[in-house]
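Ligands are counted one by one from 1 in listed order, and the atoms in each one are counted from 1 as well. These numbers come from the heavy atoms of this one structure, side chains and all, not from hydrogens, waters or symmetry mates.
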Amino acid sequence: MSQNPSLRERVRSIPDYPKPGIIFRDITTLLQDPAGFRETVDLLVAPFEASAVDKVVGVEARGFIIGGAVAHQLHAGFVPARKMGKLPWETVSAEYDLEYGTDAIQIHTDCIARGERVLLVDDLIATGGSAGAALDLIEQVGGSVVGCSFVIDLPDLGGSAQLRERGYAVSSLIEFEGD
Ligand SMILES: O=P(O)(O)OC[C@H]1O[C@H](OP(=O)(O)OP(=O)(O)O)[C@H](O)[C@@H]1O
Ligand SMILES: Nc1ncnc2[nH]cnc12
Ligand SMILES: [Mg+2]
(Lines give C-alpha, C1' and ligand atoms only; values in the text may rest on other atoms or scores of the structure.)
(Ligands and ions follow the chains in the order given, each with its own letter.)
Protein backbone atom coordinates (compact mmCIF):
# COMPACT_ATOMS: atom_id res chain seq x y z
CA MET A 1 0.00 0.00 0.00
CA SER A 2 1.35 3.42 -0.87
CA GLN A 3 0.39 6.56 1.00
CA ASN A 4 2.07 8.78 -1.62
CA PRO A 5 1.92 7.40 -5.16
CA SER A 6 3.86 10.32 -6.67
CA LEU A 7 6.78 9.69 -4.31
CA ARG A 8 6.56 5.92 -4.60
CA GLU A 9 7.00 5.97 -8.36
CA ARG A 10 10.20 8.02 -7.94
CA VAL A 11 11.88 5.27 -5.88
CA ARG A 12 13.91 2.92 -8.09
CA SER A 13 13.49 -0.76 -7.27
CA ILE A 14 16.44 -3.00 -8.12
CA PRO A 15 15.90 -6.77 -7.91
CA ASP A 16 18.64 -9.00 -6.51
CA TYR A 17 20.77 -6.16 -5.08
CA PRO A 18 22.95 -6.41 -3.03
CA LYS A 19 22.22 -10.14 -3.14
CA PRO A 20 19.73 -12.54 -4.70
CA GLY A 21 16.20 -12.24 -3.32
CA ILE A 22 16.50 -8.64 -2.06
CA ILE A 23 14.66 -5.84 -3.86
CA PHE A 24 16.75 -2.74 -3.17
CA ARG A 25 14.64 0.41 -2.76
CA ASP A 26 16.91 3.15 -4.11
CA ILE A 27 16.02 6.67 -2.95
CA THR A 28 18.66 8.43 -5.10
CA THR A 29 16.09 8.83 -7.89
CA LEU A 30 13.69 10.47 -5.44
CA LEU A 31 16.32 12.76 -3.93
CA GLN A 32 17.75 13.94 -7.25
CA ASP A 33 14.31 15.17 -8.30
CA PRO A 34 13.95 18.71 -6.88
CA ALA A 35 10.19 18.43 -6.33
CA GLY A 36 10.55 14.89 -5.00
CA PHE A 37 13.15 15.84 -2.39
CA ARG A 38 11.20 18.90 -1.27
CA GLU A 39 7.92 17.02 -1.00
CA THR A 40 9.59 14.19 0.91
CA VAL A 41 11.07 16.54 3.50
CA ASP A 42 7.86 18.59 3.79
CA LEU A 43 5.78 15.46 4.41
CA LEU A 44 8.22 14.10 7.00
CA VAL A 45 8.24 17.43 8.85
CA ALA A 46 4.48 18.17 8.82
CA PRO A 47 3.39 15.83 11.68
CA PHE A 48 6.11 17.23 13.98
CA GLU A 49 5.83 20.96 13.32
CA ALA A 50 4.03 21.54 16.61
CA SER A 51 6.04 18.96 18.57
CA ALA A 52 8.78 21.29 19.78
CA VAL A 53 11.51 18.96 18.55
CA ASP A 54 14.92 19.91 19.99
CA LYS A 55 17.08 17.38 18.12
CA VAL A 56 16.75 15.23 15.02
CA VAL A 57 18.85 12.05 15.03
CA GLY A 58 19.78 10.63 11.61
CA VAL A 59 21.39 7.23 11.11
CA GLU A 60 24.52 7.01 8.93
CA ALA A 61 24.56 7.20 5.98
CA ARG A 62 21.25 7.71 4.20
CA GLY A 63 19.59 9.05 7.35
CA PHE A 64 22.02 12.00 7.25
CA ILE A 65 20.58 13.23 3.95
CA ILE A 66 17.00 13.20 5.15
CA GLY A 67 17.66 14.05 8.79
CA GLY A 68 19.71 17.16 8.08
CA ALA A 69 16.99 18.65 5.91
CA VAL A 70 14.27 17.75 8.43
CA ALA A 71 16.25 19.27 11.32
CA HIS A 72 16.78 22.50 9.37
CA GLN A 73 13.08 22.80 8.61
CA LEU A 74 12.07 22.07 12.21
CA HIS A 75 14.61 24.59 13.57
CA ALA A 76 16.11 21.70 15.50
CA GLY A 77 19.68 20.55 16.00
CA PHE A 78 21.00 17.57 14.05
CA VAL A 79 22.69 14.59 15.71
CA PRO A 80 24.51 11.97 13.62
CA ALA A 81 24.27 8.35 14.78
CA ARG A 82 27.47 7.03 13.21
CA LYS A 83 28.86 3.63 12.42
CA MET A 84 31.44 2.36 14.94
CA GLY A 85 34.72 4.26 15.27
CA LYS A 86 33.83 7.47 13.39
CA LEU A 87 33.01 9.84 16.26
CA PRO A 88 35.95 11.62 17.94
CA TRP A 89 34.57 12.35 21.45
CA GLU A 90 33.08 10.24 24.26
CA THR A 91 30.43 7.89 22.88
CA VAL A 92 27.75 5.36 23.77
CA SER A 93 27.34 2.37 21.46
CA ALA A 94 24.59 -0.09 20.59
CA GLU A 95 24.88 -3.31 18.61
CA TYR A 96 22.15 -4.55 16.31
CA ASP A 97 21.56 -7.66 14.24
CA LEU A 98 22.04 -7.79 10.51
CA GLU A 99 20.94 -10.67 8.35
CA TYR A 100 24.38 -12.20 8.97
CA GLY A 101 26.24 -11.04 12.06
CA THR A 102 26.02 -7.71 13.88
CA ASP A 103 26.86 -4.04 13.40
CA ALA A 104 27.07 -1.12 15.83
CA ILE A 105 26.31 2.60 15.90
CA GLN A 106 27.38 5.35 18.26
CA ILE A 107 26.40 8.84 19.35
CA HIS A 108 28.30 11.36 21.44
CA THR A 109 27.35 11.32 25.13
CA ASP A 110 26.81 15.10 25.08
CA CYS A 111 24.71 15.27 21.88
CA ILE A 112 21.33 15.44 23.64
CA ALA A 113 20.57 17.10 26.98
CA ARG A 114 18.45 15.20 29.50
CA GLY A 115 14.76 15.68 28.66
CA GLU A 116 15.30 17.10 25.18
CA ARG A 117 12.66 16.11 22.63
CA VAL A 118 14.09 13.93 19.88
CA LEU A 119 12.83 12.82 16.46
CA LEU A 120 14.54 9.80 14.86
CA VAL A 121 14.76 9.92 11.06
CA ASP A 122 16.02 7.41 8.51
CA ASP A 123 15.39 6.70 4.85
CA LEU A 124 14.01 3.20 5.40
CA ILE A 125 12.95 0.75 8.08
CA ALA A 126 13.27 -2.97 7.40
CA THR A 127 13.99 -5.24 10.40
CA GLY A 128 14.22 -2.19 12.67
CA GLY A 129 17.70 -3.15 13.88
CA SER A 130 19.31 0.20 13.15
CA ALA A 131 16.36 2.28 14.35
CA GLY A 132 16.03 0.20 17.53
CA ALA A 133 19.72 0.69 18.31
CA ALA A 134 19.46 4.46 17.67
CA LEU A 135 16.43 4.69 19.99
CA ASP A 136 18.33 2.82 22.73
CA LEU A 137 21.18 5.33 22.44
CA ILE A 138 18.88 8.36 22.50
CA GLU A 139 17.25 7.11 25.70
CA GLN A 140 20.59 6.13 27.23
CA VAL A 141 21.75 9.76 27.10
CA GLY A 142 18.41 11.01 28.48
CA GLY A 143 16.51 12.06 25.34
CA SER A 144 12.73 11.88 25.14
CA VAL A 145 11.63 10.31 21.83
CA VAL A 146 8.71 12.14 20.20
CA GLY A 147 8.58 9.86 17.14
CA CYS A 148 10.34 7.91 14.43
CA SER A 149 9.93 8.95 10.83
CA PHE A 150 10.94 7.03 7.71
CA VAL A 151 10.58 7.67 4.00
CA ILE A 152 10.05 3.94 3.32
CA ASP A 153 8.66 1.14 5.45
CA LEU A 154 9.08 -2.52 4.49
CA PRO A 155 6.36 -3.78 6.86
CA ASP A 156 6.86 -7.45 6.04
CA LEU A 157 10.23 -7.30 7.77
CA GLY A 158 8.55 -6.34 11.03
CA GLY A 159 10.64 -3.38 12.17
CA SER A 160 7.88 -0.77 12.29
CA ALA A 161 5.55 -3.15 14.17
CA GLN A 162 8.29 -3.87 16.72
CA LEU A 163 8.89 -0.17 17.33
CA ARG A 164 5.14 0.40 17.79
CA GLU A 165 5.06 -2.50 20.28
CA ARG A 166 7.82 -0.71 22.18
CA GLY A 167 5.46 2.30 22.35
CA TYR A 168 6.97 4.61 19.76
CA ALA A 169 4.97 6.70 17.28
CA VAL A 170 6.17 5.49 13.86
CA SER A 171 5.32 7.17 10.57
CA SER A 172 6.39 6.58 6.98
CA LEU A 173 5.55 8.01 3.56
CA ILE A 174 5.77 4.90 1.37
CA GLU A 175 5.22 1.21 2.08
CA PHE A 176 6.54 -1.62 -0.06
CA GLU A 177 4.92 -4.93 0.83
CA GLY A 178 5.84 -8.36 -0.46
CA ASP A 179 9.62 -7.90 -0.10
O1 LIG B 1 15.68 -1.71 9.57
P2 LIG B 1 17.02 -2.28 9.23
O3 LIG B 1 16.96 -3.76 8.96
O4 LIG B 1 18.08 -1.92 10.24
O5 LIG B 1 17.46 -1.68 7.82
C6 LIG B 1 17.31 -0.32 7.50
C7 LIG B 1 18.65 0.35 7.40
O8 LIG B 1 19.42 -0.28 6.35
C9 LIG B 1 19.93 0.72 5.49
O10 LIG B 1 21.14 1.25 5.99
P11 LIG B 1 22.58 0.63 5.70
O12 LIG B 1 23.34 0.69 6.98
O13 LIG B 1 22.44 -0.72 5.03
O14 LIG B 1 23.22 1.57 4.60
P15 LIG B 1 23.53 3.14 4.52
O16 LIG B 1 24.85 3.31 5.19
O17 LIG B 1 23.58 3.36 3.03
O18 LIG B 1 22.46 3.93 5.16
C19 LIG B 1 18.87 1.81 5.54
O20 LIG B 1 19.43 3.07 5.15
C21 LIG B 1 18.48 1.81 6.99
O22 LIG B 1 19.35 2.62 7.78
N1 LIG C 1 15.36 -3.55 0.59
C2 LIG C 1 16.13 -2.51 0.97
N3 LIG C 1 16.36 -1.49 0.12
C4 LIG C 1 17.14 -0.44 0.48
N5 LIG C 1 17.73 -0.33 1.67
C6 LIG C 1 17.53 -1.33 2.56
N7 LIG C 1 17.97 -1.49 3.84
C8 LIG C 1 17.48 -2.67 4.28
N9 LIG C 1 16.72 -3.28 3.35
C10 LIG C 1 16.74 -2.45 2.26
MG1 LIG D 1 21.00 3.40 6.59
Side-chain angles (χ1 to χ4, degrees), residues 1-4 7-33 36-37 40-41 43-44 55-71 78-87 91-107 111 118-140 143 145 147-179:
M1 193 241 298
S2 160
Q3 305 96 310
N4 284 279
L7 295 187
R8 187 184 213 272
E9 66 198 21
R10 283 180 249 193
V11 174
R12 176 163 49 197
S13 294
I14 302 161
D16 299 322
Y17 181 88
K19 53 187 176 188
I22 306 285
I23 305 173
F24 192 86
R25 306 300 183 177
D26 173 23
I27 59 161
T28 66
T29 42
L30 174 64
L31 301 179
Q32 74 199 19
D33 179 310
F37 187 34
T40 299
V41 174
L43 288 168
L44 289 171
K55 300 278 168 68
V56 173
V57 172
V59 183
E60 184 173 3
R62 284 173 257 161
F64 290 179
I65 305 165
I66 312 290
V70 167
F78 177 73
V79 171
R82 296 215 61 178
K83 304 275 165 77
M84 202 72 182
K86 297 287 186 180
L87 288 171
T91 57
V92 283
S93 313
E95 275 197 357
Y96 56 97
D97 289 328
L98 299 170
E99 214 165 341
Y100 302 108
T102 61
D103 206 348
I105 53 170
Q106 302 183 306
I107 58 174
C111 65
V118 181
L119 173 65
L120 174 68
V121 171
D122 205 352
D123 69 316
L124 181 145
I125 181 161
T127 67
S130 358
L135 290 163
D136 290 342
L137 294 179
I138 292 164
E139 292 185 340
Q140 212 175 314
V145 177
C148 321
S149 199
F150 305 92
V151 180
I152 297 172
D153 182 12
L154 307 181
D156 295 345
L157 293 171
S160 51
Q162 268 180 40
L163 296 190
R164 289 189 182 104
E165 273 161 32
R166 283 177 59 178
Y168 297 111
V170 181
S171 56
S172 63
L173 306 182
I174 305 164
E175 289 183 4
F176 287 104
E177 297 202 79
D179 255 355

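- Per-residue contacts place R62 under 4.0 angstrom from the following atoms of ligand 2 (heavy atoms of the residue considered): 4 (C), 5 (N).
- Nearest to atom 11 (P) of ligand 1 by heavy atom, out of Q162, R25, R62, is R62.
- Checked by distance only, ligand 1 and A61 come closer than 3.5 Å through their nitrogen or oxygen atoms.
- At the top of the distance list for atom 5 (O) of ligand 1, counting protein heavy atoms only, stands A126 CB, 3.7 Å.
- Ligand-side atoms of ligand 1 in range of E60: 16 (O), 18 (O), range being under 4.0 angstrom from any heavy atom.
- Nearest-residue assignment for atom 8 (O) of ligand 1 (options G58, S130, G129; heavy-atom criterion): S130.
- The CG atom of L7 sits 4.5 Å away from atom OG1 of T40, with the distance rounded to the nearest 0.5 Å.
- Ligand-side atoms of ligand 1 in range of D123: 19 (C), 20 (O), 21 (C), range being under 4.0 angstrom from any heavy atom.
- Expressed to the nearest 0.5 Å, how far CD of Q140 lies from CG of L135 amounts to 12.0 Å.
- Using a 4.5 Å heavy-atom cutoff, the side chains of T29 and R10 are not in contact.
- Within ligand 1, the atoms closer than 4.0 Å to a non-hydrogen atom of L124 are 6 (C), 21 (C), numbered from 1 in the order shown.
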Notebook entry, point to check: Under the side-chain contact (heavy atoms from CB on, under 4.5 Å) criterion, do I23 and F176 qualify, and how do the steps go?
Noted result: CA-CA 10 Å; I23 305 173; F176 287 104; over 6 Å; no

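- Taking a cut-off of under 4.0 Å to the non-hydrogen atoms of K83, the atoms of ligand 1 that pass are 12 (O), 16 (O).
- Using a 4.0 Å heavy-atom cutoff, G128 is listed among the residues neighbouring ligand 1.
- Proximity of F150 to L124: side-chain heavy atoms (C-beta onward) are nowhere separated by under 4.5 Å.
- Only the backbone of I23 comes within 4.0 Å of ligand 2, judged by heavy-atom distances.
- The CD1 atom of I66 lies 7.0 Å from the CG atom of L30; values are rounded to the nearest 0.5 Å.
- Under a 3.5 Å cut-off, the side chain of D123 and the backbone N or O of G63 do not form any donor-acceptor pair.
- Across the listed options D122, V59, L98, D122 owns the non-hydrogen atom lying nearest to atom 22 (O) of ligand 1.
- Annotation: atom 3 (O) of ligand 1 to nearest protein heavy atom, T127 OG1, 2.5 Å.
- Annotation for L137 and I105: closest pair CD1-O, 3.5 Å, computed over non-hydrogen atoms.
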Notebook entry, point to check: Passes side-chain contact (heavy atoms from CB on, under 4.5 Å), L119 versus V70? Steps please.
Noted result: CA-CA 10 Å; L119 173 65; V70 167; 4.0 Å; yes

